[in-house]
Every structure is written in C-alpha cells, then in structure tokens.
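Working notes, structure below.
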There are 2 protein chains.
Amino acid sequence: MTEAASVKDLAYDPADLWVLDHEDLRALEIGAGILGTGGGGNPYIGRLRAEQAMRDGFKLTILPHQKIADDALCVSLGGIGAPVVGVERIREGREGLRCVRVLEEHLGVRVDAVACEEIGGSNSMEPLMVGAFAGLPVIDCDGMGRAFPEMQMTTYSIYGHRSTPSAMCDVHGNAVLFQHAASEIWHERMARACVVSQGGASTLASAPMRGAFVKQFGIPDSYTQAVNLGHAVLRAQKAHDDPIAEICRVEKGRKLFTGKISDLKRHLKGGFVRGEVQLSGIDTHTGESGSVLIQNENLVFFHDGEMECCVPDLILVLDVDTGEAITTEMLRYGQRVAIVALPCHDLLRSPQALEVVGPKAFGLDVTYTPLKGV
Amino acid sequence: MTEAASVKDLAYDPADLWVLDHEDLRALEIGAGILGTGGGGNPYIGRLRAEQAMRDGFKLTILPHQKIADDALCVSLGGIGAPVVGVERIREGREGLRCVRVLEEHLGVRVDAVACEEIGGSNSMEPLMVGAFAGLPVIDCDGMGRAFPEMQMTTYSIYGHRSTPSAMCDVHGNAVLFQHAASEIWHERMARACVVSQGGASTLASAPMRGAFVKQFGIPDSYTQAVNLGHAVLRAQKAHDDPIAEICRVEKGRKLFTGKISDLKRHLKGGFVRGEVQLSGIDTHTGESGSVLIQNENLVFFHDGEMECCVPDLILVLDVDTGEAITTEMLRYGQRVAIVALPCHDLLRSPQALEVVGPKAFGLDVTYTPLKGV
C-alpha cells in the first residue's frame with residue numbers, strides 16, 4: 001500500500017467524501033431534471049453516461065461544500081450548447097477531462113477539485129464524470145442552483161470571478177482556450193459562436209477559483225438538494241402519492257397550473273433553443289390557459305394572460321403523473337403537465353444578481369417579484 | 001553601446017535587413033492591393049496605419065526569404081474577417097502584437113521572426129507593423145502570393161503546417177487561443193465563427209513554423225514583388241503610360257476585359273463578403289459583358305457567359321485609368337475597370353494545392369486550366 005497523501009496536499013479530507021451509488025444517480029437524474037427548469041442538458045442521457053462511468057470502475061464522489069481547503073484550485077465546468085442538439089448528438093465522453101487538462105497545461109497548475117457550473121439536468125452529471133476520470137471530488141454546490149442558458153449567469157461570475165482563461169472541447173477533438181475576455185458577456189458571446197461552429201454541444205471549463213471563493217459564492221448543497229428531491233419523488237411514485245405535492249412540500253414550491261400542451265413553438269437559433277409552450281387548463285381550480293417562454297430553460301410563466309412567475313425563480317414543467325421534469329427538448333403536443341414554481345436561492349436575488357439573471361437580462365419587460373416559499 | 005547579439009541568437013544577419021521608407025510603403029499599398037485580387041483588407045487603411053507606426057519611430061523591416069535561420073521560430077499572422085467591416089471599423093493597433101505575445105506565453109517560447117499570411121491588401125502591412133512593435137523582421141514571403149478568403153488556403157497549411165495553437169485578438173481586448181483543431185478546416189470554421197462574434201475584423205497569428213519550412217513552402221519574395229509592382233504602376237502614372245499594360249508586362253499578366261460596373265450584389269454572410277459584379281464592355285476589342293464572383297476576393301471571371309479565369313490564378317479588378325486595384329469593399333456601380341489575369345505561383349498549382357484553393361474548393365463547378373503567362 002502506498003502512503004496516503006496528506007490532507008493538505010489533497011485540499012480535502014478523503015473521509016468527507018460521499019460516493020454516489022446507482023440509486024443516488026437515479027435520484028439525481030430526477031432531482032437535477034426538476035431543478036433544471038427545462039434545461040441543463042437531457043438528464044436521462046447524462047445518467048446513462050454516468051452509469052457507464054460507474055460500470056467502468058470510476059467513482060463519482062462529492063465533497064461537502066464547506067470541506068474544501070481555502071486555497072484549493074476548483075474548476076467549474078459543464079456542457080454548453082442547445083439541449084435539443086445534446087440529446088441527439090451524444091458526447092464522445094472525455095471532453096470535460098480534456099478541458100481540465102488544457103487549462104492545467106496552459107496555466108501550469110494542478111486542479112484540486114471540480115465545481116459544478118449548473119446543477120440542472122445532465123450538467124449535474126458532467127462534473128461528476130470529469131471528477132471521476134481525473135480522480136478529483138466534486139464540491140457540493142453549483143453556480144446557479146438551477147439551470148440558466150448563458151454562462152455569465154452564475155453566482156461565480158456575478159460575485160466577481162472572471163471565467164477566463166477557459167477551455168472548450170468538443171466531440172471532434174477541437175480545443176479552444178478563451179485566454180481573455182473583455183467581460184463575462186464577451187466570454188459568453190465568443191464561446192456561444194464557437195460552440196455553434198463545433199456543432200452545438202461541447203463542454204467548457206472556466207478558470208480555476210479558490211476554495212474560499214467557492215465556499216462563499218457557490219450555491220450550497222446543490223447535489224444534496226437534487227438527490228434528496230429525487231428520492232422524495234421516487235418515494236411518492238412508489239407509494240402512489242402525488243409527486244407534484246411532494247415536490248412542492250420538499251422545495252417550498254407552489255403549483256401554479258395544470259394543463260395540456262396545446263401548442264409548441266421551438267427553434268434553434270444562435271446556439272439556443274427558443275420558443276413558447278401554450279397550455280390549456282385541465283383543472284378548473286388552476287385556470288383556463290397558460291404559456292411558458294423558453295430559452296433553453298423556462299423563463300417566464302403567464303397565467304390567463306398575466307405574468308405569474310419569472311426568472312430567477314424556478315419554473316418547472318412536470319409530468320403531471322410522475323412528477324418528473326419534461327426538459328424543453330422533450331416537450332411534445334398533448335403532454336399533460338403541472339407548472340410548479342420554486343423560490344430561487346437568495347444569492348440570485350441581490351440587485352447585482354438580478355441585473356444578470358432577472359427578467360430584464362432576458363429582454364422581458366416585466367418586474368421581478370420574489371416568489372414566496374409556501 | 002551594448003554588445004550586439006550574435007547572428008545565431010538573432011536567427012538572421014542584421015546587415016540583410018531592408019528597412020522600408022515612405023515611398024516603398026506607397027508602392028506596397030499599390031502592389032499588395034493589386035496582388036490582393038480584391039481582398040486582404042483595405043490597402044489604404046493599412047498604409048495609413050503603417051505610416052503612423054513609422055512616424056512613431058518604429059522600423060518596418062524585411063528579411064530576404066533565404067536568409068532566415070533554419071531553426072528560427074516564425075509566426076505567420078494577418079487580419080481575419082470581412083474587408084467590408086475592416087474598412088469601417090479601424091483596428092486598435094496592437095491586436096497582432098497581442099496575438100504573438102499570447103502565443104509566446106502559451107508555448108513558453110520567443111518568436112524570432114514574423115511571416116506574412118497573405119501578401120494581398122493590408123495583410124501585407126499587418127506583419128510589418130507587428131514586427132516593428134516587437135523588434136522582429138518580416139520574412140520576404142507569404143502563404144498565398146495573393147489573398148484568399150479562408151485560412152487553410154495557405155501554402156503553409158497545404159504543405160503540412162498545423163496552424164494550431166493559434167491566437168486571435170480583437171479591438172475589445174478579447175484573446176482566444178485555438179489550442180487544437182481537428183483539421184485546418186476546423187480551425188478556419190471555429191475562428192470564423194469567433195471573429196463574427198467579435199464584430200467581424202480581428203487579427204490571428206498561427207503556430208510558429210521553423211525557418212527551414214518557411215524557406216521551402218513560403219511563396220518567395222512576395223514583398224519584393226509587391227513593392228516592385230507598385231513602383232512600376234507609379235512610374236507609369238507619372239509618365240502617363242498605360243498602367244494596365246505595365247502591370248501585365250511586369251507580372252506576365254493578360255488583360256481580359258474593359259468595362260463599366262453595371263450591377264453589384266454584395267452581402268455580408270458568415271463573416272465573408274459574397275457577391276457578384278456585372279460588367280458592360282466599353283472596349284469592343286474585349287467583349288460585350290463580363291461578371292466576377294466574389295468571396296472577399298475575386299474568385300472567377302466569366303466573359304460573355306464563358307468562364308475565362310478562376311482561382312487560384314489571380315483575377316484583378318483595376319481602375320482603368322490609374323491601374324490601382326479596386327478592392328471588393330470599394331466596388332461601386334459605374335466604375336470603369338480593367339479585368340486582368342495573372343498566373344499564380346506554382347506552389348498553388350500542385351494537385352494537393354488545387355484541392356484547397358482550386359475552383360471546386362469554392363463550390364464552383366468548373367475545371368481549372370492554368371493561365372499561361374504572356
């Protein structure tokens with residue numbers, strides 16, 4: 001047996017690690033799908049890839065948010081592109097690992113831990129796989145507490161982290177380093193243009209953050225939240241309880257509407273999926289009509305013509321029977337769905353956060369009123 | 001006085017350097033404009049910028065093609081984008097220098113000399129300015145012997161150089177490193193998408209080449225050729241001789257047509273200027289009608305409905321009175337022009353070159369017949 005590395009060398013205590021099993025992964029698929037508010041990459045595809053990594057002997061490990069060393073180098077990563085592409089064009093598998101290696105080589109450093117860019121959808125799985133391949137844990141936090149369509153929309157960026165130099169790798173073997181961006185928005189613009197040229201679904205790792213920063217500005221306990229939420233839904237399904245009610249209970253959410261998808265407009269433009277979902281009420285208690293605007297994720301919900309909930313609060317489109325999320329690329333005419341709103345994390349509600357992730361940042365002429373948890 | 005560095009350290013003998021003066025620069029503007037076949041960036045803007053650098057005390061120096069050391073590190077660079085943008089959005093000025101510095105830092109090397117990507121238009125000036133700012137000479141050669149719209153269309157790429165890692169910098173301060181591209185075409189695709197996101201006119205420096213490679217596969221003596229051509233045109237203008245005839249004499253070219261621009265279609269798409277120029281004959285000896293297809297540069301000339309000359313041979317659209325080139329962004333209805341064809345360099349006529357720069361590479365369903373020099 002070789003001598004174990006010291007805790008200081010590792011930047012964390014191995015005893016703190018949580019190693020995911022197949023049931024945790026199934027729960028994460030459901031929970032991260034729900035928190036993804038329609039986006040973050042297809043959770044089912046993500047789970048299949050993560051399962052394969054586990055079968056290949058890799059360990060998917062999570063480190064409690066407050067257990068990372070202050071001076072640890074943490075790299076946040078995730079998929080970039082349009083979910084509607086990602087569900088059809090399967091990744092090669094090591095894109096994220098290549099991103100980390102390209103960054104390490106460019107900066108002449110070794111990364112200590114992986115951070116999650118967005119907990120939503122398969123972007124919860126991407127860091128776990130990269131961490132497993134690289135032998136690094138994933139910190140139990142993320143930069144969104146949900147999913148958002150653009151990269152400047154993380155709490156990391158909002159609270160001062162500069163994402164560059166960042167590395168983007170694709171299925172073809174291409175690797176691009178955004179060495180310096182004039183702003184976080186410029187980083188997003190250039191990376192988005194580049195991912196479109198790469199076919200619309202790549203992986204991006206941002207400049208390393210120090211552990212102390214991640215502890216202060218990461219949205220805490222995202223993985224725990226997602227896995228617990230998934231387990232709650234699985235329990236409700238098994239017990240034939242109402243999973244929608246269970247989600248609302250666990251996440252302090254509110255059911256806004258129950259309806260059938262009566263029309264769906266969805267198109268791929270500039271690397272995003274944009275569109276609108278029309279709903280006809282099937283429950284007289286919750287109203288006649290609804291609609292959801294989407295840009296990769298669900299941005300705003302109109303109820304009988306009035307705006308009822310908008311970003312950064314979470315708008316979920318859930319299968320009314322199973323309680324599982326229907327991501328924007330899987331929406332189909334005729335699906336019976338519940339619209340549920342969850343309050344976002346307080347880190348997304350500060351004035352500086354609302355400038356980046358509030359309705360005006362999406363070109364919506366509405367004023368944000370924080371959803372009250374029930 | 002400090003001891004001069006040894007020739008070996010410099011990778012060239014300072015006694016071999018040719019320092020350009022203002023008249024050389026004016027001649028280069030004309031000559032590189034003509035060799036640019038409509039593209040390569042606006043030569044007038046390029047000259048103004050180069051003049052400014054000279055007034056600021058920088059020396060624009062050229063090193064004979066065969067005088068660079070075999071093991072010297074040579075970085076080829078030039079503007080990337082659409083000429084129609086470049087003529088309206090003036091560069092900040094140090095984009096090219098930043099590209100070299102970003103590459104040097106990334107690779108941990110010091111560059112010995114600058115190479116020219118394309119001799120056409122202001123892209124002949126860009127390396128001279130960067131070389132001057134960095135205290136490096138520019139090798140008397142280029143990768144095209146003309147201008148072409150895409151980056152894989154250099155003799156460097158055609159004969160085996162991999163352009164990545166390359167660095168692209170823009171006026172905003174953004175810097176992107178294309179760390180690895182699956183192919184030269186992938187490099188072009190990603191960089192083109194990125195330059196569009198940066199506003200359509202940036203500067204790109206490719207991975208260093210060894211001096212021995214540049215000596216073998218660079219198109220030799222491009223600067224000498226361009227400056228001599230420019231001086232010939234200036235002499236003809238001064239002597240009231242026919243500058244078109246002088247260009248044909250100096251470059252072994254052939255006048256194909258004399259006409260008036262009767263229609264002009266030009267649009268900016270995917271980072272390129274594309275379009276078509278219609279011409280009505282004004283000289284009964286050279287025919288009734290002509291047309292030129294463009295993609296940043298002049299690609300093919302149709303004479304009375306028949307293809308008469310196409311890439312990689314050079315198609316020049318010249319002001320019939322001055323003999324100076326009218327670049328594609330400066331074309332206007334009513335201009336009186338001569339269409340002149342010049343034979344391209346033999347390095348562009350091999351089967352492997354024609355795959356990349358022949359008419360089929362541009363989607364043209366015509367067969368290349370080498371233009372014979374007269």
Side-chain angles (χ1 to χ4, degrees), chain A residues 80-81 92 94-95 97-109 150-152 162-205 207 269-272, chain B residues 80-81 92 94-95 97-109 150-152 162-205 207 269-272:
Chain A
I80 173 170
E92 175 270 334
R94 296 295 193 275
E95 288 91 336
L97 182 65
R98 286 199 295 276
C99 289
V100 172
R101 295 298 183 233
V102 166
L103 268 187
E104 284 182 330
E105 192 190 341
H106 177 66
L107 294 168
V109 300
E150 301 183 23
M151 287 194 299
Q152 75 278 10
R162 293 298 296 261
S163 298
T164 52
S166 67
M168 189 164 84
C169 292
D170 74 359
V171 70
H172 306 285
N174 295 309
V176 179
L177 265 163
F178 299 95
Q179 194 260 355
H180 178 75
S183 68
E184 292 294 285
I185 296 259
W186 270 111
H187 181 233
E188 160 65 27
R189 263 183 218 152
M190 295 189 294
R192 192 68 50 180
C194 212
V195 74
V196 171
S197 78
Q198 291 178 343
S202 302
T203 306
L204 187 140
K269 199 180 165 185
F272 295 112
Chain B
I80 172 170
E92 175 270 333
R94 296 297 193 273
E95 289 90 337
L97 183 65
R98 288 200 293 279
C99 288
V100 172
R101 295 297 181 236
V102 165
L103 268 186
E104 285 181 330
E105 194 190 339
H106 177 69
L107 294 168
V109 300
E150 301 183 22
M151 288 194 299
Q152 74 280 8
R162 293 298 296 260
S163 298
T164 54
S166 68
M168 189 164 83
C169 292
D170 74 358
V171 70
H172 308 285
N174 294 308
V176 179
L177 266 163
F178 299 94
Q179 194 260 355
H180 178 77
S183 68
E184 292 293 286
I185 296 261
W186 271 111
H187 180 234
E188 160 65 28
R189 264 183 214 153
M190 296 190 293
R192 192 66 52 178
C194 213
V195 74
V196 172
S197 78
Q198 291 178 343
S202 302
T203 305
L204 188 139
K269 198 178 166 187
F272 295 112

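Numbered from 1 within each chain, the chains take letters A, B, ... in sequence-line order.
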Criterion side-chain contact (heavy atoms from CB on, under 4.5 Å) against B/Gln179, the qualifying member of A/His106, A/Glu105, A/Arg98: A/Glu105

Spatial distance of atom CE (A/Met190) from atom CE (B/Met168) [nearest 0.5 Å]: 8.0 Å

Nearest atoms (heavy-atom pairs only) where A/Ser197 meets B/Trp186: O-CZ3, 3.2 Å

From A/Leu177 atom CG to B/His180 atom NE2, the distance as rounded to the nearest 0.5 Å: 13.0 Å

Chain B contact via A/Val196 - which portion, at a heavy-atom distance below 4.5 Å: neither

